[in-house]
Q: 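Here's a structure for you.
One-based numbering, in listed order, for ligands and for the atoms of each. Remember, predicted model here, so these are calculated numbers, not experimental data.
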Amino acid sequence: MIRVVPVALADHAYDVVIGPGLVDEAGARIAPLLKRKRTAVVSDETVWALHGARLTRALEGAGIAVFPVVVPPGEQTKSFEGLADLLDRLLALELDRSDVIVAFGGGVVGDLTGFAAAIYKRGVDFVQIPTTLLAQVDSSVGGKTAIDTPRGKNLVGAFHQPKLVLADLDVLSSLPEREMRAGYAEVIKYGLLGDFTFFEWLETNGAKVLAREPQALAHAVARSVEMKAEIVAEDEKEKGVRALLNLGHTFGHALEAETGYGAALLHGEAVAAGQAIAFRFSAARGLCEAQDAARAERAIAAAGLPTRLGEVTGHPFNAAALVRHMVQDKKAEGGRLTFILARRLGETFVAKDVDEGTVRDFLLAEGALP
Ligand SMILES: NC(=O)c1ccc[n+]([C@@H]2O[C@H](COP(=O)([O-])OP(=O)(O)OC[C@H]3O[C@@H](n4cnc5c(N)ncnc54)[C@H](O)[C@@H]3O)[C@@H](O)[C@H]2O)c1
Ligand SMILES: O=C(O)C(=O)C[C@@H](O)[C@H](O)[C@H](O)COP(=O)(O)O
Ligand SMILES: [Zn+2]
């Protein structure tokens, strides 16, 4: 079954199409967006080796000439160097501003290609074909595009919405278990941040989602995308409610920066630990019940994801170093920290002006070094 979730933005609305077999339909679905029948497809080496031939066949079948631009896999590609290389290769293809670029991969390819599309000749359209669970439920939707710098995560980027998102559930069959779990961290985020019923459903059905049982997987992806689409349509540029999608990210991004954006800690793993920490931080400040924090932690741990600093390679972390990264967080205002904190499971809020000392003391209690 194919589900279509509209992202109802006033100026640039688009659809997220979710279901099996969508890579095979990509030519027919993308052709109406093209002025001339050619496109650059940006992908990483792993995705291209596994699924590139299928996408090429589908696009060529609709008469579209395909120019693959294949980049190395991994977070390190989401960098100034990766961006410069990609832009140079797109320029070499002599794409013009009426052309459309296709991002075919996980969140790294999507964020990098989206940012390149935002600045290539001052902006061209792009289509997302996300191939990881994380990219299908989160990064391909909403138009946040960025690269990392050694000073922090996603610090250089732009809001640039795709024209279309095709989330083919079949491509997830080749995704390694660890990447499934990392994506699941962003799925559970939607339950924790704003839908207790979905959280309870995940407590019961999470294992089926991770096992890629088709109905459970389709529901998890569709519900996640519905929630993201609703929030983004209300607050595209993160002036208010969209910040809730950052649950677990203030702590998580600091951990990613400290571990050097490598295989030691995937984004989803960092967000998993970050969410458990955010719930415990909320409980420690008397904002939510300790039993809710414990239940959130159990649900995250049940998916084989880290919930404690001690489970992350690189521990013991330095509390002051983690807080220094948080000051660079894009939610910080006037040098003061902003966190997404919890009132209960399924109810979170934006807490501005959180005192750095309070965060440092809490991290020490969590096992970080002074
Ligand atoms: N823009 C947003 O709103 C947003 C949201 C969440 C995360 N992100 C970003 O997304 C990135 C993480 O994305 P990710 O978790 O998809 O990582 P990723 O893009 O690095 O993909 C993970 C790994 O899986 C491989 N892979 C991808 N699809 C595959 C498939 N179908 N079969 C086999 N292997 C496959 C890739 O080659 C890579 O090695 C981070 O940079 C994060 O900051 C952005
Ligand atoms: O779409 C959003 O908004 C999010 O915050 C989704 C996050 O999962 C994602 O990791 C995002 O890239 C983080 O945004 P940032 O603004 O903190 O870099
Ligand atoms: Zn994220």
Side-chain angles (χ1 to χ4, degrees), residues 23 43-52 54-55 70-79 82 103-115 128-148 152-162 167-187 189-190 193 212 224 227-229 231-232 235-238 241-250 252-254 256-257 261-263 265-272 274-275 326 328-332 338 340:
V23 166
S43 190
D44 74 30
E45 286 153 8
T46 308
V47 174
W48 194 248
L50 287 164
H51 302 287
R54 213 174 120 218
L55 181 60
V70 180
V71 301
E75 189 75 27
Q76 302 287 344
T77 296
K78 230 183 90 172
S79 59
F104 184 47
V108 165
V109 163
D111 280 15
L112 176 72
T113 307
F115 186 35
Q128 291 264 20
I129 308 184
T131 63
T132 61
L133 178 61
L134 182 142
Q136 296 194 351
V137 300
D138 194 352
S139 63
S140 64
V141 181
K144 270 191 183 178
T145 73
I147 55 169
D148 308 327
K153 187 74 190 167
N154 300 335
L155 289 185
V156 178
F159 287 98
H160 188 52
Q161 301 291 340
D168 183 343
L169 300 173
D170 288 343
V171 296
L172 299 182
S173 59
S174 59
L175 196 65
E177 294 292 330
R178 184 181 175 194
E179 299 293 349
M180 274 304 282
R181 287 196 293 275
Y184 185 81
E186 304 272 23
V187 174
K189 177 182 82 176
Y190 294 104
L193 76 85
R212 296 161 241 216
S224 300
M227 285 188 72
K228 181 150 190 183
I231 290 170
V232 167
D235 176 25
E236 180 183 4
K237 301 274 173 74
E238 202 175 43
V241 68
R242 182 165 184 169
L244 298 182
L245 295 170
N246 237 245
L247 174 64
H249 284 64
T250 318
H253 281 170
E256 280 187 273
Y261 311 117
L265 186 67
L266 303 177
H267 174 73
E269 294 167 341
V271 169
Q275 291 181 91
M326 292 176 197
Q328 284 279 24
D329 182 75
K330 289 173 289 310
K331 300 186 297 306
T338 295
I340 310 310

Q: Quick one: which ligand 2 atoms are inside 4.0 Å of a heavy atom on Lys189?
A: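 Once the distances to Lys189 are compared, the set is 6 (C), 7 (C), 8 (O).
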Q: Check whether any N, O or S atom of Asp138, backbone or side chain, sits closer than 2.8 Å to the Zn ion (ligand 3).
A: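 So Asp138 does not bind the Zn ion (ligand 3) by this criterion.
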Q: Side chain or backbone of Asp138 under 4.0 Å from ligand 2, or both, or neither, by non-hydrogen atoms?
A: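 The answer is the side chain of Asp138.
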Q: Determine, using heavy atoms of Lys228 and all atoms of ligand 1, whether some pair is separated by less than 4.0 Å.
A: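 Right, Lys228 reaches ligand 1.
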Q: With respect to atom 2 (C) of ligand 1, which of Gly110, Ser174, Ser139 exhibits the smallest heavy-atom separation?
A: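 Selected option, by shortest heavy-atom distance: Ser139.
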Q: Does atom 25 (C) of ligand 1 have any protein heavy atom closer than 4.0 Å?
A: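 So atom 25 (C) of ligand 1 lacks protein heavy-atom neighbours under 4.0 Å.
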Q: For ligand 2, which atoms, with element, lie under 4.0 Å from some heavy atom of His253?
A: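 Counting atoms of ligand 2 from 1, those under 4.0 Å from His253 are 13 (C), 15 (P), 17 (O), 18 (O).
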Q: Please compare His253, Met180, Glu179, Lys189 and report which has the shortest non-hydrogen distance to atom 23 (C) of ligand 1.
A: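 Nearest heavy atom to atom 23 (C) of ligand 1 lies in Glu179.
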Q: Considering only the protein, which heavy-atom contact is closest to atom 14 (O) of ligand 2, and what is its distance?
A: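 Result for atom 14 (O) of ligand 2: Lys144 NZ, 3.1 Å.
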Q: Return the option from Asp168, Leu50, Val108 holding the heavy atom at the smallest distance from atom 20 (O) of ligand 1.
A: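 Shortest heavy-atom distance from atom 20 (O) of ligand 1: Val108.
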Q: Taking a cutoff of less than 4.0 Å between a non-hydrogen atom of the residue and any ligand atom, is Lys331 in contact with ligand 2?
A: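 Not so, Lys331 does not reach ligand 2.
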Q: Which of the atoms in ligand 2, numbered in the order shown and given with their element, are less than 4.0 Å from a heavy-atom of His267?
A: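 Those atoms are 10 (O).
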Q: Against ligand 1, does His51 come closer than 4.0 Å with any heavy atom?
A: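 Per 4.0 Å heavy-atom rule, His51 contacts ligand 1.
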Q: Measuring from Asp168:CG to His51:NE2, what's the distance to the nearest 0.5 Å?
A: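 It is 8.5 Å, given to the nearest 0.5 Å.
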Q: The Zn ion (ligand 3) is nearest to which N, O or S atom of Glu186?
A: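 For Glu186, the N/O/S atom sitting closest to the Zn ion (ligand 3) is OE2.
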Q: Say you draw a straight line from CD of Glu179 to OG of Ser174; how long is it, rounded to the nearest 0.5 Å?
A: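 If we round to the nearest 0.5 Å, Glu179:CD and Ser174:OG are 11.0 Å apart.
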Q: Going by the atom numbers of ligand 2, which of them fall below 4.0 Å from some non-hydrogen atom of Arg242?
A: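 Listed by number with element, the hits are 1 (O), 2 (C), 3 (O).
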Q: Distance from His267 atom NE2 to His253 atom NE2, nearest 0.5 Å?
A: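 If we round to the nearest 0.5 Å, His267:NE2 and His253:NE2 are 4.5 Å apart.
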Q: Go through Ile340 and His249 one step at a time and tell me if the side chain to side chain contact (heavy atoms under 4.5 Å, CB included) criterion holds.
A: CA-CA 9 Å; Ile340 310 310; His249 284 64; over 6 Å; no
Q: Which of the numbered atoms in ligand 2 are under 4.0 angstrom from any heavy atom belonging to Leu245?
A: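 Contacts of ligand 2 toward Leu245, numbered from 1: 1 (O), 2 (C), 3 (O), 4 (C), 5 (O), 6 (C), 7 (C).
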Q: Side-chain donor-acceptor pair under 3.5 Å between Asn154 and Lys144, yes or no?
A: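 No - no donor-acceptor pair under 3.5 Å links their side chains.
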Q: If you measure from CG on Leu169 to CG on Leu133, what distance do you get to the nearest 0.5 Å?
A: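 Taking CG in Leu169 and CG in Leu133, the distance rounds to 9.5 Å.
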Q: Does an N or O from Glu186, backbone or side chain, lie closer than 3.5 Å to an N or O of ligand 1?
A: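 No - when backbone and side-chain N and O of Glu186 are compared with those of ligand 1, no distance drops under 3.5 Å.
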Q: Judging by distance only, is a nitrogen or oxygen of Ala135 under 3.5 angstrom from one on ligand 1?
A: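 Min N/O separation from ligand 1 is not below 3.5 Å for Ala135.
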Q: Enumerate the atoms of ligand 2 whose separation from the nearest heavy atom of Lys330 is less than 4.0 angstrom.
A: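 Going through ligand 2 atom by atom, the ones under 4.0 Å from Lys330 are 15 (P), 16 (O), 17 (O), 18 (O).
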Q: For atom 37 (O) of ligand 1, state which one of Leu133, Asp44, Leu134 supplies the nearest heavy atom.
A: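 Looking at heavy atoms only, Asp44 sits closest to atom 37 (O) of ligand 1.
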Q: Select the closest option to atom 39 (O) of ligand 1 among Ser43, Pro176, Pro73, judged by heavy-atom distance.
A: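 The residue whose heavy atom sits nearest atom 39 (O) of ligand 1 is Pro73.
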Q: Which value, rounded to the nearest 0.5 Å, describes the distance between Phe104 atom CZ and Thr113 atom OG1?
A: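 It is 12.0 Å, given to the nearest 0.5 Å.
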Q: So, is Lys228 polar-close to ligand 2, with some N/O to N/O distance under 3.5 Å?
A: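 Yes: some nitrogen or oxygen of Lys228 is under 3.5 Å from one in ligand 2.
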Q: Judging by distance only, is a nitrogen or oxygen of Arg242 under 3.5 angstrom from one on ligand 1?
A: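 Checking ligand 1 against Arg242, no N or O pair falls under 3.5 Å apart.
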